[in-house]
Amino acid sequence: MKVFKFGGASVNSTAAVRNMAEIVGAHKGEPLVVVVSAMGKTTNMLEQLVPGVRPAEEHPALLEQVRSYHMQIIQGLFPDAEHDVYKDFDHLFAQLQEETAQPATSYNFDYDQTVCYGELISTIIVSHYLRSTGLENKWVDIRQVVRTNNHYREGIVDFDATKEASKVFQETDCMMYVTQGFIAGTSDGHTTTLGREGSDYSAAILSYCLDAESMTIWKDVPGFLNADPKYFPDTVKIEQIPYNEAIELAYYGASVIHPKTVKPIQNKNIRLHIKSFVTPETDGSVIGPFETIKPLTPLYIFKNNQTLLSVLPKDFSFIAEDNLQTIFAALAELNIRVNLMQNSALSFSLCIDDNELLLEQLRQRLASQFLLRYNRGLQLITIRYYTQQIIDTIVAGRPILLQQRSRTTTQLLVKL
Ligand code: ASP
Ligand code: MG
């Protein structure tokens, strides 16, 4: 069994769906699970339709955007107006409409019950289209397979229950399955999601449960690049990446891979290919049981919108275990992730993603004991396999507010 994952950009138009069908068609006859995200930016549109987010008067126009976007793709793919896809789409769209008309309850719960329609609709379209090109397949509602707890918007996967349920992908008379990424379900029948961009993780969960031969993520880039082409004109494609390196890179914020994706495939020693849906014949990158990255080249990760926070005890006491405990408890309570930290005798510095609301809540929680100072609008640069010359070029004379180095990695917080 192989698992393929197609993200939103690979199915964002009639032409894109045709292209993905060609890629899948090249594997006709092999056992295949095809995991698909919502089309294009559908999830962003659906986020606006979560009950309570926007005034109800705005719903009809927003719903119409979702409907016409998908209809345009369907009409491009299915000239026959009597095709079953039209009926299936209308059915799902009516359910979405009904969901958005519900009174708001808790945001996270409502979110999952609403945004799931992006994936449900995209996979119905893809499944019908593949069938129309001769690729017989079965559409699976993944909410009956990937089981999570009721931690809405960030469901925690129950791997035992999921493994048991994943047997639906192993029927003897079916070779190809089409299913949704990102969404999952609780044992009492509610929809959950796995966090934004979570479809990679869905594919990894299924690869794990099905002991897949390999997993492939089809992307709009040629593979795993050593830097984001947005910031870097001359990127290098990394051909081979060891599992631990991939986990480190995801940890530091490399956007090509969802942070939770690597663990399940590492645990089963499954290779994860990252390939281009534009040039599917080229090799791409592979994450697997390798010793080092190949080619060995510096890797760059840039995170903008960073805030440097300095926390100073008001009573002039040292920053030590008791103080740190108070600070970390507040961070954990607010679910604030620390991207870099450093302490001196009288101050504790931490770099976090900028978020005015959370910053203020943190300040309130710590105000009785600590003074908070912050510096916003910074950039955090992580360089693996650095040299001093590389650092000098990248920093380009900008003041460095905080820096850390290990043998392989340096992190620098600079002004933009
Ligand atoms: N459609 C979801 C999102 O846009 C999940 C994914 O694309 O991986 O976040
Ligand atoms: Mg996506």
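All ligand and atom numbering here is 1-based and tracks the order in the structure. These numbers come from a predicted model, not from an experiment.
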Ionic contact status for K87 with D90, cut-off 4.0 Å
no
Which ligand 1 atoms are under 4.0 Å away from a heavy-atom of R196?
3 (C), 4 (O), 9 (O)
Between ligand 1 and E119, is the shortest N or O to N or O distance under 3.5 Å?
yes
For ligand 1, which atoms, with element, lie under 4.0 Å from some heavy atom of F182?
2 (C), 5 (C)
Compare every heavy atom of S207 with every heavy atom of I270, then report the nearest pair and how far apart it is.
CD1-O, 3.4 Å
S199, portion touching ligand 1 at heavy-atom distance under 4.0 Å
both
Could you list the donor-acceptor pairs under 3.5 angstrom formed by side chains in residues 174-181, with sequence neighbours left out?
{"from": "Y177", "atom 1": "OH", "to": "F169", "atom 2": "O", "distance (Å)": "3.4"}
{"from": "Y177", "atom 1": "OH", "to": "E171", "atom 2": "N", "distance (Å)": "3.0"}
{"from": "T179", "atom 1": "OG1", "to": "V140", "atom 2": "O", "distance (Å)": "2.8"}
{"from": "Q180", "atom 1": "OE1", "to": "I142", "atom 2": "N", "distance (Å)": "2.8"}
{"from": "Q180", "atom 1": "NE2", "to": "T123", "atom 2": "OG1", "distance (Å)": "3.1"}
{"from": "Q180", "atom 1": "NE2", "to": "V140", "atom 2": "O", "distance (Å)": "3.1"}

Charged N to carboxylate O under 4.0 angstrom, D353 versus R337?
no
Taking only non-hydrogen atoms of S37 and a 4.0 Å limit, the atoms of ligand 1 in range are 6 (C), 7 (O), 8 (O)
For the 3.5 Å polar cut-off, considering only N or O atoms, please tell me whether K5 and ligand 1 meet it.
no
Would you list the atom pairs, donor with acceptor, under 3.5 Å between side chains in residues 154-161 and any protein atom, with sequence neighbours excluded?
{"from": "E154", "atom 1": "OE2", "to": "K260", "atom 2": "NZ", "distance (Å)": "3.2"}
{"from": "D158", "atom 1": "OD1", "to": "D160", "atom 2": "N", "distance (Å)": "3.2"}
{"from": "D158", "atom 1": "OD1", "to": "A161", "atom 2": "N", "distance (Å)": "3.1"}

Taking K415's backbone N and O only, do any of them form a donor-acceptor pair with R398's side chain (distance below 3.5 Å, no angle check)?
yes
Return yes when G181 approaches ligand 1 closer than 4.0 angstrom through a heavy atom, no otherwise.
no
